[in-house]
Amino acid sequence: MVAPTPYIGLSDSHKSTMIAQTLGGNVLAKLPVVRKLGALRRSLARYRNRRETIALVPTMGALHAGHLALVRLAKRRAKRVVVSIFVNPAQFAPHEDFSTYPRTFAADLAALTALKVDLVWVPSAAEMYPEGFATKVIAGGPASTGLEDAFRPHFFGGVATVVAKLFSQVAPDIAIFGQKDYQQLKVITAMARDLDMPVKVIGAPTMREKDGLAMSSRNAYLSAAERAAAPTLHRILKESAAQIKAGKPIAATLTASRAAIERAGFEIDYLEARHAETLALVASVKDGPLRLLVAAKIGKTRLIDNIAV
Ligand code: PAF
């Protein structure tokens, strides 16, 4: 087990810490963990003065192999990699899981140290949303297509606002998001385009467990029985995509697929075929490229997934 230990690092005025990860007593590496905006800007200025490209991987922590794949992609695409860890209260409704969202900071730092990330940006809620904070990004287009937005109406406002802030704080050349949160990826891509943000938003393929379940920090909530049923979502998505591709009508395919998902114990929020770019409704494959998107609850856990047709 790799345990992070505080390390004497940057000066107090930088208000950041260097974390030395130790494995069996050997120091592996020092990972700058920055908690204040001023310190972040000073650190990033060093990279920029050397004309080094910067990739940002925004996360809410509880890192799993899917996040680490985003970091590896970031490392291939830019000289410097910044990972943000911030469980963003603004994207959770009061009845949602903000307080119980998994927080595994020590393990996250160990994994990021092993990947030789350049800097971890860990603002507090007060640093991100200081007293008097009053501005919100209102996302439209893909954010109002009746998918996640219909079930989590607060969600994309919170995501767009925090990601806009992260883009402004880090000013990355590229930013990497997982395709598992497909609508989120489209919302952020549209926001960056519409607000002329000088960042290239890159979507990375969903990482899956061996049985097909999309990796997600929320999988940690699943009981053993729920975990056993959970891969059904991906299996049905795959089968539905194959059937639609083979010419079976979309509406009939999705009706049968919804029934199969419910039989596996899920309560469905939506299972839809949409235009892969705009997320607009589609009637046939001719309206494509298509993407199937699903959100469904098993027990208390809400899972989402999607697949290309
Ligand atoms: O996908 C996530 O983890 C979050 O929604 C994000 C993009 C880090 C914003 O808080």
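Whatever order the structure lists ligands and atoms in, that order sets their numbers, starting from 1. This structure is a prediction, so every number in the text was calculated from the model and none was measured.
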Next item on the list: Check whether any side-chain N or O of Asp149 sits under 3.5 Å from a backbone N or O of Phe155 as a donor-acceptor pair, and report yes or no.
Entry: no

Notebook entry, point to check: Is there any N or O on Gln91 that sits under 3.5 Å from an N or O of ligand 1?
Noted result: yes

Check: Is the closest N or O pair between Asn88 and ligand 1 shorter than 3.5 Å?
Finding: no

Contact check, side chains of [X] and [Y], non-hydrogen atoms, under 4.5 Å:
| X | Y | value |
| --- | --- | --- |
| Lys75 | Lys116 | yes |
| Val187 | Gln184 | no |
| Phe156 | Gln91 | no |

For [X], counting its heavy atoms only, list the atoms of ligand 1 lying under 4.0 Å from any of them.
| X | result |
| --- | --- |
| Gln184 | 1 (O), 2 (C), 4 (C), 5 (O), 7 (C) |
| Val162 | 9 (C), 10 (O) |
| Pro58 | 8 (C) |

Note to self: Can you tell me which portion of Ile188 lies within the under-4.0 Å heavy-atom range of ligand 1? Options are side chain, backbone, both, or neither.
What the structure shows: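 No part of Ile188 comes within reach of ligand 1.
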
Note to self: Using 30° and 60° as the class boundaries, would you call the ring planes of Tyr129 and Phe86 parallel, tilted or perpendicular?
What the structure shows: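 Rings of Tyr129 and Phe86: tilted, 30 to 60°.
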
Next item on the list: Give a yes or no on whether a salt bridge exists between Glu239 and Arg235, defined as a side-chain N under 4.0 angstrom from a carboxylate O.
Entry: yes

Note to self: For atom 3 (O) of ligand 1, what's the nearest protein heavy-atom neighbour? Residue, atom name and distance, please.
What the structure shows: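 Nearest neighbour among protein heavy atoms for atom 3 (O) of ligand 1, to 0.1 Å: Met60 CG, 3.7 Å.
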
